[in-house]
Amino acid sequence: MPRITIRGLSVEQVCQISTRVVDQLAEICECERDYFTLECVQHAAIFDGQIVPAYPFIEVAWFERGEEVREQVAKALTNHVLGLGIPEVEVAFTTYAQDAYFNNGISFK
Amino acid sequence: MPRITIRGLSVEQVCQISTRVVDQLAEICECERDYFTLECVQHAAIFDGQIVPAYPFIEVAWFERGEEVREQVAKALTNHVLGLGIPEVEVAFTTYAQDAYFNNGISFK
Amino acid sequence: MPRITIRGLSVEQVCQISTRVVDQLAEICECERDYFTLECVQHAAIFDGQIVPAYPFIEVAWFERGEEVREQVAKALTNHVLGLGIPEVEVAFTTYAQDAYFNNGISFK
């Protein structure tokens, strides 16, 4: 954690930005690079009866780190996606409670 | 957003209801049709050692719109799924905080 | 519900533990075995430009059942995964509000 789930980008596009994104996020969050996981969601998106390209969307699931860090992370992710030539992306954050997150059976509370 | 993630229906079934569902939800939510995204989750469901058909389940991720709208959205989604001859479906809502949701790096707060 | 979403294990590994996990969770949660769904997430995980094995991670989405039950569920899931020879796993819980969860259009409030 943070777990970063990416929809609407190809595996190749995620690979392309993956090193620099994690470099930057580790710096912003002041944590190890290998805390981050990137996952490329490949479910079918559907609109008006047809399979369509998925809208670019990134979800960050983590412990709350406050508004300033959240905004920096959103901007960093956005800039890397826009840098691929993708015109628009949404980034959303969901938070885990520390007493509801366990590593090998031990919670973070 | 709203993002609608559907499990336990085939891509064909989601295609079949997709136009009318979005028509109705746009009316209930008083927003543009293209705010909605539909995603068809196709992960393996497993029970007692075997891959089984996934239980029909829909998750709506959005900003809170209040109980009345939530109930209308749940009923609309349910009716469209039942109309496919599926006997049972669950619909769950998760909400984003406005200051934790960003479009091109700008939050909705 | 509870919905258990598993990442970083193969379908075969999930099949292997599925019966005993559900036996144990039904006992801990004092509910029917068939309330539980297990889903095996198979999205690509990416790190430093490459597809990599996904980090073992389990998400439990349910109604809040309190700290004691939560800890027992985390430990049970963890033990079954470690029993497969996997050295590390994280387990996170997310909760639904009862008035935001609907079965066939009727909420649980």
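A note on names: the letters A, B, ... follow the listed sequences, proteins ahead of strands, and every chain is numbered from 1. This one's a predicted model, so the numbers in the text were calculated from it and none came from an experiment.
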Legend entry - A/Thr5 side chain reached by C/His43 side chain, heavy atoms, under 4.5 Å: no
Inset, instruction - Name, in order of residue number, those residues of residues 55-65 of chain C that have a heavy atom at a distance of less than 4.5 Å from a heavy atom in chain A; otherwise write 'none'. - result: C/Tyr55, C/Phe57, C/Glu59
Legend entry - Residue A/Arg20 versus chain C: region with a heavy atom under 4.5 Å: neither
Inset, instruction - Kindly compute the distance separating CG (C/Leu77) from CZ (A/Phe102), expressed to the nearest 0.5 Å. - result: 10.0 Å
Inset, instruction - State whether the side chain of A/Asn104 and the backbone N or O of C/Val89 hold a donor-acceptor pair below 3.5 Å, judged by distance alone. - result: yes
Using residues 78-86 of chain A as the side-chain source, report each donor-acceptor pair under 3.5 Å to any protein atom, sequence neighbours left out, with the distance given to one decimal.
residue	atom	partner	partner atom	Å
A/Thr78	OG1	A/Ala74	O	2.7
A/Asn79	ND2	A/Lys75	O	3.2
A/His80	NE2	A/Gln24	OE1	2.7

Legend entry - Atom CD of C/Gln98 with >12 non-hydrogen neighbours under 6.0 angstrom: yes
Inset, instruction - Go through C/Pro87, C/Ala76, C/Gly49, C/Ala45 and name the one with the most non-hydrogen pairs under 4.5 angstrom from chain A. - result: C/Gly49
Legend entry - Structural part of C/Glu88 lying under 4.5 Å from a heavy atom of chain A: both
Inset, instruction - Over all heavy atoms of both residues, which pair between C/Glu90 and A/Asn103 is shortest? Give the atoms and the distance, please. - result: OE2-ND2, 3.1 Å
Inset, instruction - Heavy atoms only, distances under 4.5 angstrom: which of A/Ser107, A/Ala100, A/Ala97 has the most pairs with chain C? Name it, please. - result: A/Ala100
Legend entry - A/Ser18 OG to C/Asp48 CG distance, which is reported to the nearest 0.5 Å: 6.0 Å
Inset, instruction - Find the distance between CD (A/Gln16) and CD1 (C/Ile46) and round it off to the nearest 0.5 Å. - result: 11.5 Å
Inset, instruction - Could you have a look at A/Asp34, A/Asp23, A/Val11 and say which one has the most heavy-atom pairs with chain C under 4.5 angstrom? - result: A/Val11
Legend entry - Among A/Val22, A/Leu38, A/Thr19, side-chain contact (heavy atoms from CB on, under 4.5 Å) partner for C/Phe47: A/Val22
Inset, instruction - Select, from C/Glu71, C/Gln42, C/Arg7, the one with the greatest count of heavy-atom pairs under 4.5 Å involving chain A. - result: C/Arg7
Legend entry - Non-hydrogen side-chain atoms of A/Tyr101 and C/Phe93 separated by less than 4.5 Å: no
